[in-house]
Amino acid sequence: MTMSDNRKLGIAVAQMGPVHLADDRKAVVARLVEMLKEAAARGARLVVFPELALTTFFPRYWMSEEEAEERFFEHAMPNAHVQPLFDLAKSLGVGFYLGYAERTAGGERFNTSILVDASGNIVSKYRKIHLPGHSDHKVDAPFQHLEKKFFQVGDAGLPVVEAFDTRVGMCLCNDRRWPETWRMMSLQSAEVGVLGYNTPSLNIHWNEPVHLRMSTHLISLQASAYQNAMWIAAAAKCGSEDGHHMIGGSVIVAPTGEIAARTVTEEDEVIVANADLSLVEGFREHVFNFAKHRRPEHYHLIVERVGAGEPLPLKNI
Ligand code: CDV
């Protein structure tokens with residue numbers, strides 16, 4: 001594909017290595033600060049951090065909701081722990097995307113992310129919609145996946161916001177596996193989708209071979225970037241958190257479906273791409289010109305049915 005000089009956005013993904021139970025917020029934020037500095041020095045204007053970036057991936061542990069709130073949730077954003085990140089971003093003129101566990105003033109709990117612009121203002125918030133896992137205690141399992149216990153289903157939709165001279169859509173982890181996530185973004189003309197994830201290498205829900213964890217992750221992102229003609233920037237928290245391994249494979253994917261940048265470690269690592277946003281326009285004028293080619297009158301089951309059901313009656317045969 002030919003690239004144009006017209007519309008470029010320096011996007012960085014700041015992958016995180018493990019965050020252990022013993023690691024405090026101050027130490028974690030210091031790591032984020034270092035990666036933000038590196039990303040800015042390498043030309044990024046937007047830095048994408050992982051889901052639940054400030055703590056270990058705590059839904060793997062059985063505990064009461066009250067204990068989880070006390071240990072792992074943020075009760076305000078920004079707060080004293082993350083303020084250094086906001087201050088640095090503002091002074092460097094760089095924005096960021098950050099996932100964290102949110103406890104609202106009204107006592108609700110969400111798996112949340114925020115988009116912060118180059119002036120240090122929170123310009124959008126997302127609360128995770130596709131919550132995987134379970135709410136009961138699986139006593140025989142090697143670890144838990146308690147997102148359905150600790151979090152409510154998000155109530156902020158799939159937001160797309162004008163920022164960084166483009167439109168940015170936000171989502172978290174399991175959302176990437178659902179085509180509806182990305183279609184909701186592209187129908188709002190998002191040109192960039194940002195994603196943070198924690199993907200355990202073992203899946204306690206079904207016996208999925210370990211190698212498929214990486215391939216289903218990449219397939220989801222590459223297909224979604226292409227089919228929705230958008231850039232996707234995806235940041236992992238990975239490596240072994242107190243013996244619980246999670247995949248890396250943080251990527252920046254172009255609207256061609258090609259991987260423009262990919263991490264090679266399971267540690268803190270910054271990757272950068274100078275994303276040509278005109279690629280989005282090219283696809284949307286031609287093969288994925290939605291206004292010309294989509295046929296929503298034939299898609300009604302997508303919003304009418306949740307689970308799979310019977311085939312529709314045959315028509316005009
Ligand atoms: N944090 C996640 O949403 N993780 C899921 C796992 C449980 C499959 C994921 O889709 O990666």
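In what follows, every heavy atom counts, from backbone to side chain, and hydrogens, waters and symmetry copies are set aside. Remember, it's 1-based here, ligands and their atoms both numbered in the order they're listed. Note that the numbering runs from 1 along the sequence shown for the chain.
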key: Electrostatic pair Lys237-Glu51, nearest N-O below 4.0 angstrom   = no
task = Give a yes or no on whether a salt bridge exists between Glu180 and Arg183, defined as a side-chain N under 4.0 angstrom from a carboxylate O.
result = no
query = Tell me the ring pair (Phe, Tyr, Trp, His ring centres under 6.0 Å) pairs involving residues 92-117, sequence neighbours left out?
reply = Phe86-Phe96
query = Would Arg60 and Asp242 pass as an ion pair if we require N to O under 4.0 Å?
reply = no
inquiry  = Test of understanding: with side chain to side chain donor-acceptor pair (under 3.5 Å), list the residues that count as partners of His130, not counting sequence neighbours.
reply    = Asp175
request  = Can you tell me which residue pairs pass the side chain to side chain donor-acceptor pair (under 3.5 Å) test with a partner in residues 286-300, sequence neighbours excluded?
outcome  = His300-Glu304
query = Heavy atoms under 4.0 Å from ligand 1: which residues qualify?
reply = Glu51, Phe57, Lys128, Pro132, His145, Glu147, Cys173, Asn174, Arg176, Arg177, Asn198, Thr199, Arg213
